[in-house]
K.L.:
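One structure, as structure tokens, below. Some questions next.
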Amino acid sequence: MLIGALQAASPKEMIREFVESQEKSVTAYEIAAHFDALMTDPVYGTASVFNTPYTHNISVAALDATHFIVTYAYSGGFGTAIIGEVNGTTISSYGTASVFNSGYTVATSVVALDATHFVVAYRDESNSNSGTTVIGEFSGTNISSYGAENVFNFGYTFELSIAKLDPTHFIVAYQDFGNSSHGTVIIGEISGGTNNSSYGAENVFNPSNTTAISVAAIEDATHFLITYVDIGNSYNGTAIIGERDGTSILSYGAESVFNAGTAINTSVAVLDATHFVVAYGDYGNNSYGTAIIGEFSGTSISSYGDKNVFNAEGSSYFSVVVLDASSFAVAYYSGVYTSTGPGMSSCTSGPCTHNSIIGDVSGTTISAYGNQVEIDNSSGQPSPGYLSAANIGFFVTVFHDFGTNQGTAVAASSSALPVEMVSFRAIKEEAGVKLLWQTASETNNKGFYIQRSTNANEWETLGFVEGDGYAVTLNDYQFMDTDPMSGLNYYRLRQVDFDDKFEYTDIVAVNNAQDINVQTFLYPNPTTDRFTFSINNPFELPLTIRLTDQLGRTIWESGRISRTISWEKEIQLENQGIYIMTTQVGDQLLHERIVVLEEK
């Protein structure tokens with residue numbers, strides 16, 4: 001089967017196989033046409049279990065190019081988080097599951113805030129069903145700590161959905177049962193690390209019974225978009241845009257109906273600065289899985305394209321994610337559905353399968369769908385499953401496995417032929433910072449926008465380097481930043497295809513400070529068993545520390561340390577020998593040698 005071949009082969013190998021299979025000369029554009037036909041279906045790896053007990057109330061968010069976080073409750077009800085690592089379409093490992101709420105937890109929703117923090121919103125049944133958030137800190141697959149749980153709504157809180165507005169603000173949309181089930185939002189602010197310092201005032205966006213709520217941030221970070229089922233208005237599928245300043249809601253535009261009739265389980269994602277996509281079940285059309293594109297400006301939704309069915313069967317529990325400005329993916333359950341309440345439905349006869357599909361967009365028109373891909377076909381009653389992604393070439397679906405009741409995840413590539421990057425480096429030189437990167441193969445590659453940041457969150461474009469278009473050999477590229485900022489400079493590439501689809505590379509960093517002024521101290525040295533390592537870091541530069549033995553094996557690693565002037569740790573070593581303590585600050589490495597002697 002061709003999808004299996006796509007899964008197994010690298011882009012370079014696939015191009016070679018196609019060219020060798022032809023009995024004539026093949027042009028670059030014939031190669032592109034051949035592979036464009038393969039790029040509409042997700043290519044899945046093997047499903048991977050992250051939690052073996054009964055798993056429910058699942059949410060997922062992408063953290064970076066290789067990591068994702070899942071929040072869920074298991075049979076005991078405790079709210080739990082776990083981080084997975086992805087290599088291609090293979091989930092290679094999970095960190096240790098970490099409990100964020102030791103009471104019965106319902107309706108989790110998670111989002112990443114920055115490179116080391118995430119926030120979870122949930123209903124805490126053990127605390128009067130209050131709406132609650134908690135901030136977590138992580139490095140790699142390790143969740144190191146949580147801040148204090150922070151209640152934003154004292155009372156029954158339903159239909160939770162969370163979105164990041166900027167690195168220090170997030171928004172939660174929910175149904176406030178204690179206020180006549182009105183649709184409500186609140187904005188939280190983070191002040192350093194895991195401290196959720198404050199909330200703005202609760203603010204009603206729909207003063208009637210509201211369900212099936214989904215919220216997404218708009219690119220300018222001052223506007224947000226909500227979709228929901230308006231029970232007070234004939235269960236219509238509805239959207240609204242709000243504007244905020246800090247933690248204050250300034251205004252809303254007019255409510256805008258995208259489905260004049262009962263909608264089921266809405267999910268929304270923003271495509272670009274003027275368009276969004278909604279996935280939902282159209283109860284008036286046999287609960288078919290349906291998507292629609294909306295166009296907006298400011299807080300005004302100006303128009304919708306035609307409703308477009310992607311699954312001509314009963315469908316529910318949708319989760320939509322944007323892959324790029326012209327395509328999206330939807331995960332959903334499919335089967336025979338009947339209504340179980342306002343704006344909700346449930347699979348009553350099978351097979352009730354968990355599926356995904358990719359759609360292409362042009363303006364407000366959904367121009368095409370790929371093939372429906374079945375992820376799980378076990379018989380049983382589904383619990384909500386979710387899908388999340390970033391513009392990094394993969395998306396992850398997490399779900400409750402019908403047959404085993406286990407929490408399960410699967411990674412997929414949405415593109416059969418991305419540019420295959422070999423390396424990306426930043427080197428400080430006298431003339432500035434030189435960026436060097438190498439590709440192993442390229443298809444439809446227009447080129448690379450070079451972007452720089454001083455905080456790894458806000459980016460400026462420095463220039464553009466043309467790509468090779470179509471290639472199966474190694475290509476080397478370079479770019480010189482002749483005017484880097486003082487201190488740490490972060491760089492990434494925005495690789496763009498000729499059809500304007502894009503993806504980002506990993507981020508690299510270089511320190512442009514003349515003197516980083518980081519001092520390290522290690523004592524006693526030599527030692528017989530233990531030593532203390534301390535750091536003086538007056539500019540609070542982000543750094544990492546690693547202890548290795550003579551063979552280069554890692555004995556201990558700190559993870560990312562930031563916002564710290566002084567740091568100290570006592571470390572015990574059991575075996576005699578020579579060890580190296582390496583402190584990395586940007587691209588600079590500080591080495592200390594430790595000698596462990598045999599105790600006399």
Side-chain angles (χ1 to χ4, degrees), residues 62-66 112-116 164 166-168 217-222 272-273 322-326 390-393 415 418-469 471 474-516 539 541-543 560 562 584-589:
L63 297 174
D64 58 33
T66 56
L113 291 169
D114 58 31
T116 57
K164 169 189 170 181
D166 61 37
T168 58
I218 292 173
E219 290 180 356
D220 63 6
T222 61
D272 57 31
V322 169
L323 302 176
D324 55 45
S326 60
N391 286 318
I392 50 181
S415 170
V419 169
E420 189 177 10
M421 296 289 295
V422 175
S423 63
F424 177 40
R425 297 180 294 148
I427 301 172
K428 181 183 175 183
E429 296 186 348
E430 187 174 341
V433 175
K434 180 182 283 187
L435 303 177
L436 302 167
W437 65 101
Q438 186 180 68
T439 65
S441 64
E442 300 177 31
T443 295
N444 199 33
N445 179 28
K446 183 178 181 180
F448 306 88
Y449 287 98
I450 294 85
Q451 297 186 332
R452 183 181 67 193
S453 173
T454 57
N455 59 13
N457 289 308
E458 299 168 305
W459 297 89
E460 62 174 324
T461 297
L462 302 180
F464 179 78
V465 174
E466 288 189 3
D468 198 29
L474 292 173
N475 275 327
D476 292 298
Y477 297 91
Q478 67 178 32
F479 180 88
M480 178 66 78
D481 180 6
T482 58
D483 189 24
M485 306 296 287
S486 178
L488 276 175
N489 288 254
Y490 298 91
Y491 297 92
R492 70 182 182 185
L493 303 177
R494 185 176 185 262
Q495 184 272 317
V496 184
D497 293 344
F498 285 108
D499 56 6
D500 292 328
K501 293 182 179 180
F502 65 90
E503 60 182 17
Y504 293 108
T505 64
D506 289 342
I507 296 170
V508 297
V510 66
N511 197 304
N512 191 43
Q514 293 298 316
D515 184 359
I516 61 175
F539 296 131
L541 299 172
L543 51 86
R560 181 182 171 92
S562 60
Q584 181 168 0
V585 187
D587 67 332
Q588 299 192 37
L589 301 176

K.L.:
Quick one: pull up CD in Gln451 and OH in Tyr490 and give me the separation to the nearest 0.5 Å.
P.N.:
16.0 Å
K.L.:
Would you give the length of the straight line joining atom CE of Met480 to atom CD1 of Ile450, rounded to the nearest 0.5 angstrom?
P.N.:
12.5 Å
K.L.:
Sequence neighbours excluded, which residues qualify as side chain to side chain contact (heavy atoms under 4.5 Å, CB included) partners of Thr168?
P.N.:
Asp166
K.L.:
Once side chain to side chain contact (heavy atoms under 4.5 Å, CB included) is applied, do any residues pair with Asp220, and if so which ones, sequence neighbours excluded?
P.N.:
Ile218, Thr222, His223
K.L.:
Can you name the closest pair of heavy atoms from Ala217 and Lys164 and give their distance?
P.N.:
CB-O, 3.1 Å
K.L.:
Crowded around Glu460 CD? As in, over 12 foreign heavy atoms under 6.0 Å?
P.N.:
yes
K.L.:
Under 6.0 Å from the ring centre and within 45 degrees of the ring axis: does the NZ or CZ of Arg452 meet both conditions for the six-membered ring of Trp459?
P.N.:
no
K.L.:
Measuring from Asp481:CG to Lys434:NZ, what's the distance to the nearest 0.5 Å?
P.N.:
13.0 Å
K.L.:
What I'd like to find out is whether the side chain of Asn445 reaches to under 4.5 Å of the side chain of Gln495, using heavy atoms alone.
P.N.:
yes
K.L.:
Can you check side-chain contact (heavy atoms from CB on, under 4.5 Å) on Asp476 and Gln438, steps first, answer last?
P.N.:
CA-CA 5 Å; Asp476 292 298; Gln438 186 180 68; 2.8 Å; yes
K.L.:
So for atom CD, which belongs to Glu429, do other residues, nucleotides or ligands contribute more than 12 heavy atoms lying within a distance under 6.0 Å?
P.N.:
yes
K.L.:
Kindly state whether the ring of Trp437 and the ring of Phe448 have centres lying under 6.0 angstrom apart.
P.N.:
yes
K.L.:
Looking at Leu435 and Ala426, what are the two nearest heavy atoms and their distance?
P.N.:
CD2-CB, 3.6 Å
K.L.:
For Tyr449, which residues count as a ring pair (Phe, Tyr, Trp, His ring centres under 6.0 Å) partner, sequence neighbours excluded?
P.N.:
Phe464
K.L.:
Supply the atom-to-atom distance Thr505 OG1 to Tyr491 OH, rounded to the nearest 0.5 angstrom.
P.N.:
13.0 Å
K.L.:
Would you sort out whether Tyr504 and Leu493 count as a side-chain contact (heavy atoms from CB on, under 4.5 Å), showing the intermediate values?
P.N.:
CA-CA 6 Å; Tyr504 293 108; Leu493 303 177; over 6 Å; no
